[in-house]
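Since this is a predicted model, take the numbers as computed values, not measurements. Chain letters run A, B, ... following the sequence lines, proteins first, then strands; residues in each count from 1.
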Protein chains: 2
Amino acid sequence: MRPTKPTKPTTASSVLSEAELLERHGVLPSAQRLAIAQYVLRTDEHPSADQVFAKVKRALPMVSRATVYNTLNLFVDKGLLRAHVLAEGKVVFDPNLAPHHHFIDEETGAIHDVPWSALAVSNVDALEGFDVHEYQVVLRGKLKKARST
Amino acid sequence: MRPTKPTKPTTASSVLSEAELLERHGVLPSAQRLAIAQYVLRTDEHPSADQVFAKVKRALPMVSRATVYNTLNLFVDKGLLRAHVLAEGKVVFDPNLAPHHHFIDEETGAIHDVPWSALAVSNVDALEGFDVHEYQVVLRGKLKKARST
DNA sequence: TCTCGGTTTAGACTCAGTCTAACCCACGTG
DNA sequence: CACGTGGGTTAGACTGAGTCTAAACCGAGA
Ligand SMILES: [Mn+2]
Ligand SMILES: [Mn+2]
Ligand SMILES: [Zn+2]
Ligand SMILES: [Zn+2]
């Protein structure tokens, strides 16, 4: 492995190429990893592993299910992705590394990001007996239909 | 199956015997359902289905795994229990029907209730585009050890 | 006693996720 | 060049939570 430049705080939403992003996080690039990165590090769909698999197969038909799982878990370990469990039997992957909340559409199951600044949770630090490392608000409901104009 | 008296109500919703609770929710009582109810409607452990199965087998060794799953799902459908998905591959059951938050001990996986009144989330109603039916704060961290007098 | 509907049961089945062991392939070495 | 080495990739076996099926069970009437 060649020497890497001093690492900057790399959030996945920057404008780096996937190859650079991977290298900055100590992940050796490969055709499969780049194809997976290209989708999963830029999506806002909160896809499951099998959704990633389906999407990536279009660009790289020979990719295997095992590689998709291996790569997603590797990205999580290396801090490129976060995994969330918000519904039964479905781990979803999220390239948005900044703290934020999640809204789950009860009709479709779709997951939407809610900006950290859109809500405020008070009194977390004062909770008796709990040393809180991280938290988020998980909201469920329907999307408001009122849309245009 | 002998008639029970409401002798030791330990949780909020349980001034009633299990049989009465079940009937009030339109669930026909049976030995299996009563044994399951006796544990799962009074615990604060947030057990998984297989934890319930293990516990109930002690009181009723012939009970089957299918019955435990059937009964837990029935209780959820009838509003006696809530199911939560807070970690991978583990649906947990919660007899605490009042709104509350959850703290997850990252070291043990144990789930602790956080009273609704202990936290306040502001601005939920003003969220653009989302019609929120319910929400909770999910917190993760370590239990504080300091327990001095 | 017989019938009937709901309940329980063992075991088959599904599906997400993990594991294994073979295979591939770029690279470095003699 | 051959060769070895060390990832990375792959198909398929495997695991474990949860569901489904079809038969057995059971209790309240007729
Ligand atoms: Mn994982
Ligand atoms: Mn369920
Ligand atoms: Zn997100
Ligand atoms: Zn709870």
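- If you measure from atom CG of A:Leu72 to atom C1' of C:dC19, you get 17 Å, rounded to the nearest angstrom.
- Under the side-chain hydrogen bond (donor to acceptor under 3.5 Å, both in side chains) criterion, A:Thr43 pairs with no residue at all, not counting sequence neighbours.
- What separates NZ of B:Lys90 from P of D:dG18 is a distance of 10 Å, to the nearest Å.
- With A:Arg33 contributing its side chain and A:Leu28 its backbone, the two residues share a donor-acceptor pair below 3.5 Å.
- Residues forming a salt bridge (Lys or Arg N to Asp or Glu O under 4.0 Å) with B:Arg24 (at least two apart in sequence, or on another chain): none.
- In this structure, CD of A:Glu88 is placed 13 Å from P of D:dA17, rounded to the nearest angstrom.
- Side-chain proximity of B:Asp50 to D:dA17, C:dT8, D:dT10: nearest is D:dA17.
- What separates OH of B:Tyr69 from C1' of C:dC13 is a distance of 14 Å, to the nearest Å.
- Under the salt bridge (Lys or Arg N to Asp or Glu O under 4.0 Å) criterion, B:Glu134 pairs with B:Arg82, sequence neighbours left out.
- Here the side chain of B:Ala49 is nearest to one of D:dT9, C:dG17, D:dG18, namely D:dG18.
- Considering only residues two or more places apart in sequence or on other chains, B:Glu45 meets the salt bridge (Lys or Arg N to Asp or Glu O under 4.0 Å) condition with none of them.
- Applying the side-chain hydrogen bond (donor to acceptor under 3.5 Å, both in side chains) test to pairs two or more places apart or on separate chains, those with a residue in residues 124-133 of chain B are A:Glu106-B:His133.
- Listed by residue number, A:Met62, A:Val63, A:Ser64, A:Ala66 are the residues of residues 51-66 of chain A with a heavy-atom contact under 4.0 Å to DNA chain D.
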Side-chain donor-acceptor contacts of residues 114-122 of chain A below 3.5 Å, not counting sequence neighbours, with atom names and distances?
residue  : atom : partner  : partner atom : Å
A:Ser122 : OG   : B:Ala120 : O            : 3.3

Show me the donor-acceptor pairs, under 3.5 Å and distance only, between side chains in residues 46-61 of chain B and residues at least two apart or in other chains.
residue : atom : partner  : partner atom : Å
B:His46 : ND1  : B:Asp44  : O            : 3.4
B:His46 : ND1  : B:Ile111 : O            : 3.4
B:His46 : NE2  : B:Asp94  : OD2          : 3.1
B:His46 : NE2  : B:His102 : NE2          : 3.2
B:His46 : NE2  : B:Asp113 : OD1          : 2.8
B:Ser48 : OG   : B:Gln51  : N            : 3.3
B:Ser48 : OG   : B:Gln51  : OE1          : 3.3
B:Gln51 : OE1  : B:Ser48  : N            : 3.0

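- Judged by distance alone, with hydrogens and angles left aside, the side-chain atoms of A:His25 form no donor-acceptor pair with the main-chain N or O of A:Glu23 at under 3.5 Å.
- Residues satisfying the side-chain hydrogen bond (donor to acceptor under 3.5 Å, both in side chains) criterion with A:Ser64, sequence neighbours excluded, are A:Thr67.
- With distances taken from any side-chain atom of B:Asn70 to the nucleotides D:dG18, C:dT8, C:dT18, the minimum falls on C:dT8.
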Tabulate protein N/O versus nucleotide N/O from nucleotides 23-28 of chain C, keeping only pairs under 3.5 Å, one per line.
none

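- Residues meeting the side-chain contact (heavy atoms from CB on, under 4.5 Å) test with A:Val132, sequence neighbours left out: A:Val124, A:Leu127, A:Phe130, A:Tyr135, B:Phe103, B:Leu139.
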Between the protein and nucleotides 4-8 of chain D, which nitrogen or oxygen pairs are less than 3.5 angstrom apart?
residue : atom : partner : partner atom : Å
D:dG8   : OP1  : A:Arg33 : NH1          : 2.9
D:dG8   : OP2  : A:Arg33 : NH2          : 3.4

